[in-house]
Amino acid sequence: LRGNQSDASKTYEDLFARLDSNKDGRVDVSELRAGLAAMGIRTGKGAAQKIISSGDQDKDEGLDFSEFTKYLKDHEKKLRLTFKSLDKNNDGRIDFMEVKQSLADLGLDISKEEAEKILNSIDVDGTMTVDWNEWREHFLFNPATNLQEIIRYWKHSTVLDIGDSLAIPDEFTEEEKTTGLWWKQLSAGAMAGAVSRTGTAPLDRMKVFMQVHSSKSNKISLVGGFKQMLKEGGLTSLWRGNGINVLKIAPETAIKFMAYERVRTHERFMAGSLAGATAQTAIYPMEVLKTRLCLRKTGQYSGMFDCAKKIMKKEGVKAFYKGYIPNIIGIIPYAGIDLAVYESLKNLWLSRYAKDTANPGILVLLGCGTVSSSCGQLASYPLALIRTRMQAQASLEGSEQLPMNLMVKKILEKEGFFGLYRGIVPNFMKVIPAVSISYVVYEYMRSGLGIQK
């Protein structure tokens, strides 16, 4: 669409005439599909349908000439903006460093080879850079702007709430922020977390119990542990500590999101860890309360506030930050390994199976997310165990108050290496139900709040 307006509309007219094979003044989906294929323009699955639906204003399942030109003009405007934002040095061409840089800004690190591969697929004249004409030709009939697609599908989603609050927060695009989509997504995620935590609470309580009480001399089995709990407090006692665990989702999500927005100029891992640490620092007293409430005996506290009051009176303010250090240190192996494993699984999938689309389907995404979070948990688990023990310390009569390093030493001497992994069985047992529940609830919430993919 070079030259002036009349040229442009002439091009549109020729194009329209070529596509409108039955000459009824409308281009429908099958004509568009056939026409584009005949012109050798590769489009993704469902692209023709998407173009028709987004341009079809009078809902007659086809585009007349004015709808057709309007669609192309709007689409070209978007493409022009994307091109401009990619062309960092404004020389009217995009090279592979600019592609790499733009993806890095969006939280996606790709190698030089991958950036070159993306460029090669668009580059017609073999200069290894892409100018505006090549860019436009490539994307004009491609309703999705490719890079965005990969990013959107593979955004490492924090919807999967495994009950551990160390995951790195979601990236939101500018568009999601201006349309208010971000808060809907955050609330859908929070709701999903609340339901999945409640659904897996008994396993979570069991994990805390084992982390604190299980030892070589006092072996707690899953079945034995649950029997003990039922005997001590009846069925509802399995959900002790769940109330506050659900309550802390909201402040934590909000603080993490706001902190992340502040520091997102840093690399994603750094920014995410900083945001996580900020949120953890702010809500840490709730973590301590959760552990104490999980471990409470029948009648020990009448509720959260009573528990907080009693800890305050008996142990003072500093009790609310017990175990804070191992908790903060734990963010680093967790987030680092989670991201690294996720990126490797993602790149493996993209290189092996991404033939027509970057969308791997929900099972693959959930699978990758679950595996990467589980690896992160595995690495940071000893720190989580130490944290829980330190939080519980004063509530265990007669247990000495040990700092972190001595506690690790004591556990290793008495229990050996696996002493640091007490409670890992119920912890991993709850992963799959937690992921499934949070995904299902998230999908329901999403359609309820009207968030489209």
Side-chain angles (χ1 to χ4, degrees), residues 163-165 194 197-249 283-324 326-327 381 384-404 407 410-411 414-415 419-427 429-430 434:
D164 261 16
S165 31
R197 286 184 187 191
T198 306
T200 53
L203 284 165
D204 191 62
R205 181 170 188 223
M206 193 66 226
K207 173 187 83 174
V208 172
F209 231 73
M210 287 180 162
Q211 285 179 334
V212 174
H213 294 300
S214 181
S215 63
K216 271 189 177 160
S217 51
N218 176 27
K219 279 218 161 64
I220 300 178
S221 71
L222 262 180
V223 182
F226 279 128
K227 276 189 180 150
Q228 218 177 316
M229 285 181 192
L230 288 168
K231 207 169 90 189
E232 198 271 327
L235 190 64
T236 50
S237 73
L238 299 181
W239 273 265
R240 275 183 197 165
N242 182 52
I244 189 143
N245 200 22
V246 166
L247 259 183
K248 68 182 171 71
I249 295 176
I283 66 142
Y284 194 75
M286 293 176 93
E287 298 276 355
V288 175
L289 284 176
K290 181 210 148 194
T291 299
R292 294 292 179 90
L293 289 164
C294 266
L295 294 166
R296 75 176 186 261
K297 296 183 180 64
T298 305
Q300 192 176 351
Y301 306 118
S302 63
M304 275 173 235
F305 293 111
D306 182 49
C307 176
K309 233 169 37 200
K310 285 186 175 154
I311 296 176
M312 188 73 187
K313 209 163 109 187
K314 204 169 147 198
E315 305 162 59
V317 178
K318 69 177 199 302
F320 288 110
Y321 276 89
K322 285 216 172 103
Y324 174 75
N327 188 48
Y381 194 85
L385 178 128
I386 298 294
R387 173 197 76 186
T388 309
R389 289 221 166 169
M390 288 173 81
Q391 289 170 341
Q393 247 166 13
S395 65
L396 300 178
E397 295 312 314
S399 73
E400 48 197 318
Q401 306 270 328
L402 290 173
M404 182 171 97
M407 189 178 275
K410 186 176 140 188
I411 293 177
K414 277 184 140 173
E415 314 271 323
L420 293 171
Y421 279 91
R422 297 268 176 226
I424 193 110
V425 175
N427 183 54
M429 275 173 66
K430 71 177 193 178

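Starting from 1, each residue takes its place in the sequence as its number.
Across Asp306 and Tyr301, no two heavy atoms sit closer than the pair OD2-CA, 3.2 Å. Closest approach of Asn218 and His213 over heavy atoms only: ND2-O, 2.9 Å. Of all heavy-atom pairs spanning Pro326 and Ile386, the tightest one is CG-CG2, 4.1 Å. Across all non-hydrogen atoms, the minimal contact from Tyr284 to Tyr324 is OH-N, 3.3 Å. Closest approach of Ile249 to Ala194, counting heavy atoms only: CD1-N, 3.4 Å. Across every non-hydrogen atom of Met404 and Met390, the tightest pair is N-CE, 3.9 Å.
Of the inter-residue distances, the one linking Phe209 atom CZ with Gln228 atom CD reads 6.0 Å to the nearest 0.5 angstrom. Atom-to-atom distance recorded for Arg296:CZ and Lys310:NZ is 10.5 Å, nearest 0.5 angstrom. With rounding to the nearest 0.5 Å, the separation of CG in Leu293 from CD in Gln300 is 9.0 Å. Between the NZ atom of Lys297 and the OG atom of Ser237 there is a distance of 13.0 Å, given to the nearest 0.5 Å. Interatomic distance, Asn245 CG to Arg197 CZ, rounded to the nearest 0.5 Å: 4.5 Å.
Taking the charged nitrogens against the carboxylate oxygens, Asp204 and Lys430 do have a contact shorter than 4.0 Å, which makes a salt bridge.
Here the side chains of Met206 and Met429 are not in contact, with every heavy-atom distance at 4.5 Å or above. Put simply, the side chain of Arg240 reaches to within 4.5 Å of the side chain of Thr298, judged on heavy atoms. Taking 4.5 Å as the limit, some side-chain heavy atom of Arg387 sits within range of a side-chain heavy atom of Gln391. In this structure, Glu287 and Thr291 have side chains that are not in contact, with every pair of non-hydrogen atoms separated by 4.5 Å or more. In this structure the side chain of Pro426 reaches within 4.5 angstrom of the side chain of Met210, judged on heavy atoms. Taking the side chain as every heavy atom from C-beta outward, Leu385 and Ile424 never approach each other to under 4.5 Å. Looking at heavy atoms from C-beta onward, Lys216 lies out of side-chain contact with Lys414 at the 4.5 angstrom threshold. Contact annotation: the side chain of Leu289 approaches that of Phe320 to within less than 4.5 Å [non-hydrogen atoms, C-beta and beyond].
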Exercise for the section: Please step through side-chain contact (heavy atoms from CB on, under 4.5 Å) for the pair Lys322 and Glu315, ending with a clear verdict. Expected result: CA-CA 11 Å; Lys322 285 216 172 103; Glu315 305 162 59; 3.6 Å; yes

Problem - Stepwise side-chain contact (heavy atoms from CB on, under 4.5 Å) test for Cys294 and Lys207 - result: CA-CA 10 Å; Cys294 266; Lys207 173 187 83 174; over 6 Å; no

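A side-chain hydrogen bond (donor to acceptor under 3.5 Å, both in side chains) with Thr388 holds for exactly one of Arg422, Lys290, Gln211, Gln393; it is Gln211.
Note on ring orientation: taking the six-membered ring where Trp is involved, the planes of Tyr421 and Tyr381 are parallel (angle under 30°, cut-offs 30° and 60°).
The backbone N or O of Leu203 sits nowhere less than 3.5 Å from a side-chain atom of Thr200 that would complete a donor-acceptor pair.
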